[in-house]
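Working notes for the structure below.
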There are 2 protein chains.
Amino acid sequence: MKEKLRKQYEARAKIAKAMAHPSRLLMLDLLQKQEMCVGELTEQVGADQSTVSKHLAILKEVGLIDVRKAGALSYYRVTCGCLDGFFSCMETVLLSDVKGRQKSLK
Amino acid sequence: MKEKLRKQYEARAKIAKAMAHPSRLLMLDLLQKQEMCVGELTEQVGADQSTVSKHLAILKEVGLIDVRKAGALSYYRVTCGCLDGFFSCMETVLLSDVKGRQKSLK
DNA sequence: TTTGTACTTGGTAATATGGCAATATAGCCA
DNA sequence: TGGCTATATTGCCATATTACCAAGTACAAA
């Protein structure tokens, strides 16, 4: 059954796609350190509140973040503890990419 | 200097974006196990060869893969060894997401 | 040089994404 | 209830992605 594999890659791609935006990466980074409400995030990100809300919906949709509602406030936080691995791997790729480009310039 | 941080998130987002497609994830998975030429990948992915070639260019652009040319053939391979961490984290998110959804249905 | 194989690149149409403004919804307090 | 604050949703537009076909390049064998 090859169908199942394809669906698995699609599911993974959704997660990667959810992370494929600088604002959302910043938000994940912030929310990993501590939970924050939309207003705080909006200030940090520096975009329109509606835009931030949309980004949050995307991250929540794939399960990367979760909400806790307290009155009129929505506190978001990261659900998984493995994001640091993601980020450090990205840094590795970025660094080796720089090295690779330098080598190819010689 | 907040500018520098923003650029870092943009750089990371490019990597995430490069991975944000099921075919490219499959290709990364395959190329991590062994290097392959475009023809072999095309067969595995099941898309047009030009499409596969473009996906490869995207992955190469961000430094996730590298080429080795042997005559008329182009052998691609993954450059970094930390992709397994990526994939397993994605699985974690997917699993916890399923659990979360089940819980919210109760 | 001609022919064939292996890739890559350019063109194009369909679809998806990202941003802001405007509007809607929800909780709180007077 | 009415008004205020905090979020979420919707509409619309500009831009980005993706896929395929067609055309182009590169290497190799004849």
Side-chain angles (χ1 to χ4, degrees), chain A residues 6-7 9-28 30-31 34-78 104, chain B residues 6-7 9-28 30-31 34-78 104:
Chain A
R6 204 173 51 79
K7 291 216 170 178
Y9 284 114
E10 279 173 11
R12 288 179 177 180
K14 274 184 194 170
I15 295 178
K17 190 177 286 192
M19 297 199 300
H21 191 287
S23 297
R24 292 199 289 266
L25 284 176
L26 166 58
M27 288 158 76
L28 285 175
L30 292 169
L31 294 176
Q34 59 174 310
E35 66 174 17
M36 293 176 84
C37 63
V38 182
E40 294 170 309
L41 283 167
T42 299
E43 194 179 345
Q44 294 284 323
V45 173
D48 194 274
Q49 180 262 321
S50 66
T51 301
V52 171
S53 190
K54 228 179 202 176
H55 283 314
L56 285 167
I58 290 169
L59 291 173
K60 184 164 177 296
E61 165 68 22
V62 301
L64 280 166
I65 60 174
D66 211 353
V67 213
R68 171 179 75 84
K69 305 214 171 186
L73 297 171
S74 291
Y75 286 100
Y76 285 87
R77 64 188 168 76
V78 165
S104 68
Chain B
R6 202 173 53 79
K7 291 214 170 178
Y9 283 116
E10 278 171 11
R12 288 179 177 181
K14 275 184 193 169
I15 295 178
K17 192 177 283 192
M19 297 199 299
H21 191 287
S23 298
R24 292 199 290 267
L25 284 176
L26 167 58
M27 290 158 74
L28 285 174
L30 291 169
L31 294 176
Q34 59 174 310
E35 66 175 17
M36 293 176 85
C37 63
V38 183
E40 294 171 309
L41 282 167
T42 299
E43 194 178 343
Q44 294 285 325
V45 172
D48 193 273
Q49 193 195 48
S50 67
T51 301
V52 171
S53 186
K54 273 178 185 171
H55 282 312
L56 285 167
I58 289 169
L59 291 173
K60 184 164 177 295
E61 166 67 24
V62 300
L64 280 167
I65 61 174
D66 211 352
V67 214
R68 171 179 74 84
K69 303 215 172 185
L73 298 170
S74 291
Y75 286 99
Y76 285 88
R77 64 186 167 77
V78 164
S104 68

Item checked: Residues within residues 47-55 of chain A bordering DNA chain D, heavy-atom distance below 4.0 Å -> Gln49(A), Ser50(A), Ser53(A), Lys54(A)

Item checked: Pairwise salt bridge (Lys or Arg N to Asp or Glu O under 4.0 Å) hits with a residue in residues 35-57 of chain B, at least two apart -> Glu35(B)-Arg68(B)

Next item on the list: Among the candidates dT7(D), dT18(D), dC7(C), find the nucleotide nearest to the side-chain atoms of Ile58(B).
Entry: dT18(D)

Check: Who are the side chain to side chain contact (heavy atoms under 4.5 Å, CB included) partners of Leu26(B), not counting sequence neighbours?
Finding: Tyr9(A), Leu30(B), Val45(B)

Notebook entry, point to check: Taking only residues at least two apart or on different chains, which pairs with a member in residues 57-76 of chain A satisfy ring pair (Phe, Tyr, Trp, His ring centres under 6.0 Å)?
Noted result: none

Rounded to the Å, how far apart are [X] [atom1] and [N] [atom2]?
X        : N       : atom1 : atom2 : result
Arg68(A) : dA6(D)  : CZ    : P     : 16 Å
Lys69(A) : dG27(C) : NZ    : C1'   : 11 Å
His21(B) : dT17(D) : NE2   : P     : 12 Å
Glu40(A) : dT5(D)  : CD    : C1'   : 15 Å
Leu59(A) : dA8(D)  : CG    : C1'   : 15 Å
Met19(A) : dG18(C) : CE    : P     : 14 Å
Glu61(A) : dG18(C) : CD    : C1'   : 17 Å
Lys60(B) : dC7(C)  : NZ    : C1'   : 13 Å

Notebook entry, point to check: Starting at the 5' end of DNA chain C and moving along, which residue's nearest nucleotide shows up first, Ala72(A) or Arg24(A)?
Noted result: Arg24(A)

Checklist line | Distance-minimising heavy-atom pair for Leu28(B) and Val78(B) | finding: O-CG2, 3.5 Å

Check: What residue pairs, at least two apart or across chains, pass side-chain hydrogen bond (donor to acceptor under 3.5 Å, both in side chains) with a residue in residues 12-27 of chain A?
Finding: Arg12(A)-Glu91(B), Arg24(A)-His55(A)

Would you give the length of the straight line joining atom [atom1] of [X] to atom [atom2] of [Y], rounded to the nearest 0.5 angstrom?
X        : Y        : atom1 : atom2 : result
Thr42(A) : Leu56(A) : OG1   : CG    : 7.5 Å
Met19(A) : Met19(B) : CE    : CE    : 6.0 Å
Met36(A) : Met27(A) : CE    : CE    : 9.5 Å

Checklist line | Neighbours of DNA chain C within residues 10-17 of chain B, by heavy-atom distance under 4.0 Å | finding: none

Next item on the list: Starting from the C-alpha separation in whole Å, work towards a yes-or-no answer on side chain to side chain contact (heavy atoms under 4.5 Å, CB included) for Leu31(B) and Leu41(B).
Entry: CA-CA 9 Å; Leu31(B) 294 176; Leu41(B) 282 167; 4.0 Å; yes

Margin query: Does dT8(C) have OP1 or OP2 under 4.0 Å away from a side-chain N or O of Tyr76(B)?
Written below: yes

